[in-house]
Amino acid sequence: MENSTDSTGMNFILLGLFDHTKTHRILFSLVFMTFIASLVGNALMILLIHTDPRLHTPMYFLLSQLSLMDLMLASTIIPKMAANYLLNSRSISPAGCGSQIFLFLTLGGGECFLLSAMSYDRYVAICHPLRYHVFMSHKLCSQLVAGSWLMGGIDGLMQASATLSFPYCHSREIDHFFCEVPLLVSLACADTTVFELFRYVCCTLMLLIPLSLIVASYSLILAAVLRMNSAAARKKAFTTCSSHLAVVGMFYGTLMVIYMKPKSYHSVGHSKVVSAFYTIFTPVLNPLIYSVRNKDVKGAFRNWLGKTHRVALNNCGDKCMEYCIHGIC
């Protein structure tokens with residue numbers, strides 16, 4: 001490993017998630033297939049929302065942004081991990097490491113605030129249905145989305161620039177499959193106490209402020225639902241909110257384990273497993289959660305399939321006619 005470190009100059013060494021045993025090759029194949037499914041699922045969700053007029057509502061506009069963030073998150077981490085594994089290389093440049101940190105924190109932080117915006121959307125839809133389009137105007141939705149990206153971007157930029165400003169004069173081996181701030185900072189040969197305190201406070205606020213808004217929104221939703229006289233209305237409200245709550249639970253549960261756990265409780269193996277769940281499996285689960293019990297999304301998907309089938313038949317018919325004109329049939 002010393003020779004590998006020397007040959008890569010100033011690059012960092014990612015020790016990765018898998019080795020080249022038969023079991024790990026199978027696990028790698030499953031992870032890569034999950035990544036492909038994530039790309040297809042999220043891209044399809046974005047396509048359906050932007051092409052089907054029935055999905056041109058504030059809720060689905062916010063959902064399309066969530067799918068975009070998930071698609072970008074998976075694309076930030078998995079391709080580099082896969083390339084290193086397949087090429088038997090573990091090197092990543094400081095610029096590549098900084099890009100991973102910036103994008104990972106931008107997308108993670110942005111998703112925190114986006115999920116709080118989505119919970120506010122559900123609160124307005126259930127508690128103020130008659131004024132929904134007033135409270136959730138296109139302008140406000142655009143501002144909420146822009147604010148989510150901006151807050152995530154600021155956090156990512158600050159932490160990426162600060163992390164790469166430290167000197168790394170000893171080991172550059174990162175026992176992970178991507179560049180993560182806590183592990184990278186632990187390799188710095190400088191006093192990082194102030195930065196780690198700042199990072200802990202920053203991450204705590206980035207997680208707890210949106211989470212507090214989500215809890216407040218769903219507390220008001222629960223109170224409103226319990227006052228409903230119709231059992232059908234209560235069931236519809238719970239069904240609408242259950243998908244979002246499942247996503248919130250997965251997202252915040254993993255991030256809190258990674259970024260709010262005290263340093264003394266950190267375990268490299270445990271951190272890898274939690275990070276793998278967040279970066280690999282959560283992006284593929286989100287489109288499934290939002291589509292399985294959603295009649296609008298399933299209807300839009302059936303319409304898209306029908307339209308695609310008709311276009312394919314028309315193209316086939318045109319080709320057959322062309323062949324007949326030329327005397328082939």
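We use all heavy atoms of the structure for the numbers below, so side chains are in, but hydrogens, waters and symmetry mates are not. The structure displayed is predicted, hence computed values, not measured ones.
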_Nearest-0.5 Å distance that lies between atom CE in Met10 and atom CZ in Arg172_ = 4.0 Å
_Thr163 side chain to Ala160 backbone, donor-acceptor under 3.5 Å_ = no
_Pairs meeting criterion disulfide (SG to SG under 2.5 Å) with involvement of residues 68-129, two or more places apart_ = Cys97-Cys179
*Look up atom CG in Leu187 and atom CD1 in Ile13, then write down how far apart they are to the nearest 0.5 Å.*
11.5 Å
*Sub-3.5 Å donor-acceptor pair from the side chain of Thr192 to the main-chain atoms of Phe195, do we have one?*
no
_With a 6.0 Å cut-off on the ring centroids, do Tyr278 and Phe104 count as close?_
yes
*Got a sec, which residues hit side chain to side chain contact (heavy atoms under 4.5 Å, CB included) with Ala216, two or more places apart in sequence or on another chain?*
none
*What residues, two or more places apart in sequence or in another chain, satisfy side chain to side chain contact (heavy atoms under 4.5 Å, CB included) together with Leu205?*
Val201, Ile209
*Sidechain-backbone polar pair: Ser38 side chain, Thr34 backbone, donor-acceptor under 3.5 Å*: no
*asked:* Does anything in residues 71-83 form a side chain to side chain donor-acceptor pair (under 3.5 Å)? List the pairs, not counting sequence neighbours.
replied: Lys80-Asn84
*Would you confirm whether Ser67, through its side chain, and Pro287, through its main-chain N or O, come within 3.5 Å as a donor-acceptor pair?*
no
_Keeping Arg199 on the side-chain end and Gln159 on the backbone end, is there a donor-acceptor pair under 3.5 Å?_
no
*Those residues that, when tested against Phe113, pass ring pair (Phe, Tyr, Trp, His ring centres under 6.0 Å) (two or more places apart)*: none
_With side-chain contact (heavy atoms from CB on, under 4.5 Å) as the test, pick out the partner of Leu17 among His24, His176, Lys272._
Lys272
*Kindly write out the residues that satisfy side chain to side chain donor-acceptor pair (under 3.5 Å) with His128, not counting sequence neighbours, or none if the list is empty.*
Tyr123
*Scan residues 46-60 for pairs that pass salt bridge (Lys or Arg N to Asp or Glu O under 4.0 Å), counting only residues two or more places apart or in two chains.*
Asp52-Arg54
*Phe12/Tyr168 aromatic ring centres below 6.0 Å*: yes
*Restricting to pairs with a member in residues 49-78, which pass ring pair (Phe, Tyr, Trp, His ring centres under 6.0 Å), not counting sequence neighbours?*
none
*side chain to side chain contact (heavy atoms under 4.5 Å, CB included) partners for Ser142, two or more places apart*: His138
*In chain order, what residues pass the side chain to side chain contact (heavy atoms under 4.5 Å, CB included) check against Tyr218, with sequence neighbours excluded?*
Ser119, Arg122, Ile214, Ile221, Cys241, His244, Leu245
*Which ILVMFWY residues are connected to Leu103, directly or by a chain of links, through side-chain heavy atoms under 4.5 Å apart?*
Phe102, Leu157
*Can you pull the salt bridge (Lys or Arg N to Asp or Glu O under 4.0 Å) pairs that have at least one residue in residues 22-48, sequence neighbours excluded?*
none
*Less than 6.0 Å separating the ring centroids of Tyr85 and Phe177?*
no
